[in-house]
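First up is the structure itself, then whatever we jot down about it.
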Amino acid sequence: MTDAWATFGADLHIDPAGATGLRAGLIDALREAARTGRLAPGTRLPSSRTLAADLGIARNTVADAYAELVAEGWLTARQGSGTRVAQRAEPRRAATRVPRSRQPRTSPAYSLLPGSPDLATFPRAAWLKAARRALTAAPNDAFGYGDPRGRVELRTALAGYLARARGVYADPERIVVCSGFLHGLTLMAKVLRERRVREVAVESYGLDVHTRLLTEAGMRIPCLPLDEFGSRTGELLHRMRGAGAVLLTPAHQFPTGAPLHPDRRAAAVDWARSTGGLILEDDYDGEFRYDRQPVGALQGLDPERVVYLGTTSKSLAPGLRLGWMVVPRSLVGEVTAAKGPSDWASSALDQLTLAEFIASGAYDRHVRAMRLRYRNRRDQLVAALAERAPSIEVSGIAAGLHAVLELPEGSEADVVRSAAWQGLVVQGLSFFRHPDAEVRREALVIGYGTPTDSAWAGTLDALVRVLP
């Protein structure tokens with residue numbers, strides 16, 4: 001049975017099921033009353049003798065309950081003051097910000113940020129079909145920790161695809177699966193540091209997350225000059241003798257859009273051969289060339305001096321967290337050691353799914369469909385500019401998921417600011433400029449892969465409204 005007790009104005013329901021049960025019930029009832037405020041802080045409780053008499057139980061049972069709650073901090077007991085409910089600090093409220101006179105920021109209506117594909121086009125049905133096949137055929141050891149290089153099924157599928165589509169000299173033994181380009185670059189930074197390399201040359205325009213990763217790894221990052229023929233790789237021999245590696249985007253320089261001229265490809269390889277240096281090739285969107293067949297990867301010129309890095313981030317989706325490295329044979333052990341004793345970076349089932357996706361031909365079909373889609377997007381962008389902003393030139397080759405819009409000198413910051421007020425997010429070329437870059441251009445880097453079909457027309461309208 002349950003007794004209700006209200007000696008000091010709080011109804012406490014306790015279950016007198018034996019001395020031990022009554023003690024626990026009394027503790028629970030007092031704790032709950034103090035927690036909820038039914039017993040206010042500072043309330044004096046009856047003496048153990050009085051409460052025991054009211055409840056018809058032993059005084060020691062009440063005294064033990066009081067002692068437990070004092071130990072927990074719910075009660076206090078002081079000589080001459082009796083037993084009271086402990087004072088508790090009120091929860092601290094977050095300070096209320098005084099609103100500024102400007103309107104609060106809201107989510108942008110349109111985005112032309114570069115670096116992301118159209119996520120709405122992810123091939124869900126084909127991927128699910130490949131996942132089911134992969135899971136059905138998966139060997140038992142696929143559910144273990146696995147080879148640090150990644151699943152052999154994926155490495156085998158990648159070796160065939162990269163040789164066919166990108167001209168990469170690869171075999172499964174020299175491929176290391178990673179969780180994306182940044183992961184691969186992190187592994188290479190570890191390897192270079194172990195080799196006592198302290199300087200990695202970079203392009204004068206690129207992603208700051210890449211250069212920041214290298215500097216945080218203790219590397220100096222001198223920048224190569226850049227023009228319409230790509231990075232001036234001849235400078236590696238003339239001005240950058242301390243560099244032990246160079247990071248390049250040969251097929252489609254990011255973000256300026258220029259491919260690396262054949263003579264400069266050869267100069268980079270000559271530098272690597274003569275100095276023992278390494279070329280880190282970021283082939284982030286090499287499959288997407290619209291005016292001709294894609295140029296083969298630089299790695300094919302010298303597989304023993306080039307580390308090739310690819311990813312599904314542009315071809316499928318960045319959320320898959322799947323990438324790969326094709327490394328010189330002499331580096332396989334070092335890269336594998338840098339990654340660790342087991343493949344913890346990428347899900348084995350995702351790797352098996354991608355292997356099945358490639359082997360079934362679904363990957364090729366998806367890339368062809370996306371190549372057509374992005375080509376149409378770029379053509380529509382160029383046509384809209386020719387009609388409604390004819391003074392704006394689109395530079396760079398017809399490739400990838402972004403275009404560069406050249407702007408009059410001194411106008412970039414104003415255009416970016418004006419776009420923000422129109423609910424359009426864009427990035428200026430200066431955002432990607434190395435601090436030591438010699439040539440300073442004014443331009444917008446427009447990512448046309450991001451908007452959905454329903455938002456594309458409105459996004460183009462918003463863009464042309466803010467252009468000078």
Side-chain angles (χ1 to χ4, degrees), residues 108-121 204-207 226-230 249 251-259 284-292 294-295 314 369-433 439-468:
Y110 308 108
S111 174
L112 286 170
L113 294 178
S116 178
D118 184 353
L119 301 179
T121 61
S204 55
Y205 284 84
L207 286 172
L226 185 69
D227 57 28
E228 67 272 21
F229 300 111
T249 51
H252 186 216
Q253 203 283 325
F254 185 87
T256 65
Y284 69 100
D285 65 356
E287 295 105 331
F288 298 112
R289 182 76 186 257
Y290 312 129
D291 57 346
R292 51 164 291 173
V295 176
K314 304 298 181 291
M370 298 312 296
R371 189 182 293 131
L372 178 60
R373 180 182 185 82
Y374 294 140
R375 176 178 182 172
N376 290 337
R377 281 281 179 92
R378 190 181 191 279
D379 289 346
Q380 291 163 5
L381 170 65
V382 172
L385 294 173
E387 179 183 353
R388 300 160 65 183
S391 63
I392 300 299
E393 176 190 353
V394 179
S395 62
I397 60 174
L401 280 68
H402 76 278
V404 179
L405 278 54
E406 301 293 335
L407 296 175
E409 185 177 352
S411 65
E412 180 185 301
D414 290 338
V415 172
V416 172
R417 191 179 306 113
S418 177
W421 282 107
Q422 296 289 330
L424 171 66
V425 181
V426 293
Q427 281 180 322
L429 186 61
S430 62
F431 179 83
F432 304 96
R433 185 169 56 227
V439 179
R440 296 177 177 268
R441 294 165 53 187
E442 303 272 340
L444 292 182
V445 182
I446 299 299
Y448 48 77
T450 304
T452 61
D453 284 342
S454 60
W456 178 234
T459 305
L460 279 180
D461 289 341
L463 174 63
V464 296
R465 281 199 303 268
V466 302
L467 293 175

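Residue numbers start at 1 and run along the sequence shown. Keep in mind that this is a model prediction, so the values were computed, not measured.
- Contact between L401 and S116 at its shortest, heavy atoms only, is CD2-O, 3.7 Å.
- To the nearest 0.5 Å, atoms CG (L460) and CG (L424) are separated by 10.0 Å.
- Within the 3.5 Å criterion, the main-chain N or O of R289 finds no donor-acceptor partner in the side chain of Y374.
- Closest heavy-atom contact between L381 and L463: CD1-CD2, 3.7 Å.
- Closest heavy-atom contact between M370 and F288: CB-CE2, 3.9 Å.
- The side chain to side chain contact (heavy atoms under 4.5 Å, CB included) test applied to A109 returns no partner, not counting sequence neighbours.
- Between atom CG of residue D285 and atom OG1 of residue T249 there is a gap of 9.0 Å, rounded to the nearest 0.5 Å.
- Ring geometry for H402 against F254 counts as perpendicular: the plane angle is over 60°, on a 0 to 90° scale with 30° as the lower cut.
- Side-chain contact between W421 and R417 is present, with at least one heavy-atom pair separated by less than 4.5 Å.
- Side-chain contact between Q427 and F432: present, with at least one pair of heavy atoms (C-beta onward) separated by less than 4.5 Å.
- The stretch residues 454-466 participates, sequence neighbours left out, in these salt bridge (Lys or Arg N to Asp or Glu O under 4.0 Å) pairs: R388-D461.
- Residues passing the side chain to side chain contact (heavy atoms under 4.5 Å, CB included) test with S418 are V466, sequence neighbours excluded.
- Here the straight-line distance linking atom CG of L444 with atom CG of L112 works out to 9.0 Å at 0.5 Å rounding.
- In this structure, E412 CD and L429 CG are separated by 6.0 Å, a value rounded to the nearest 0.5 Å.
- Under the 4.5 Å side-chain criterion, counting only non-hydrogen atoms from C-beta, L407 is in contact with V415.
- Here CG of L385 is found 5.0 Å from CG of L405. Values are rounded to the nearest 0.5 Å.
- The two residues P468 and S411 make their nearest non-hydrogen contact at CG-OG, 4.5 Å.
- In this structure, P294 and G286 approach most closely via the heavy-atom pair CB-O, 3.4 Å.
- Between P255 and Q253, the closest side-chain pair of non-hydrogen atoms falls below 4.5 Å.
- With contacts defined as side-chain heavy-atom distances shorter than 4.5 Å, the pair T459/Y448 does not qualify.
- Checked for salt-bridge contact, R377 and D453 meet the test: a charged N lies under 4.0 Å from a carboxylate O.
- Between atom CZ of residue R433 and atom CG of residue L226 there is a gap of 12.5 Å, rounded to the nearest 0.5 Å.
- Between E406 and R441 there is a salt bridge, since at least one side-chain N of the basic residue sits less than 4.0 Å from a carboxylate O of the acidic one.
- Within the 3.5 Å criterion, the main-chain N or O of H252 finds a donor-acceptor partner in the side chain of Y284.
- Contact record, G400 with Y290: O-OH, 2.5 Å, taken as the closest heavy-atom pair.
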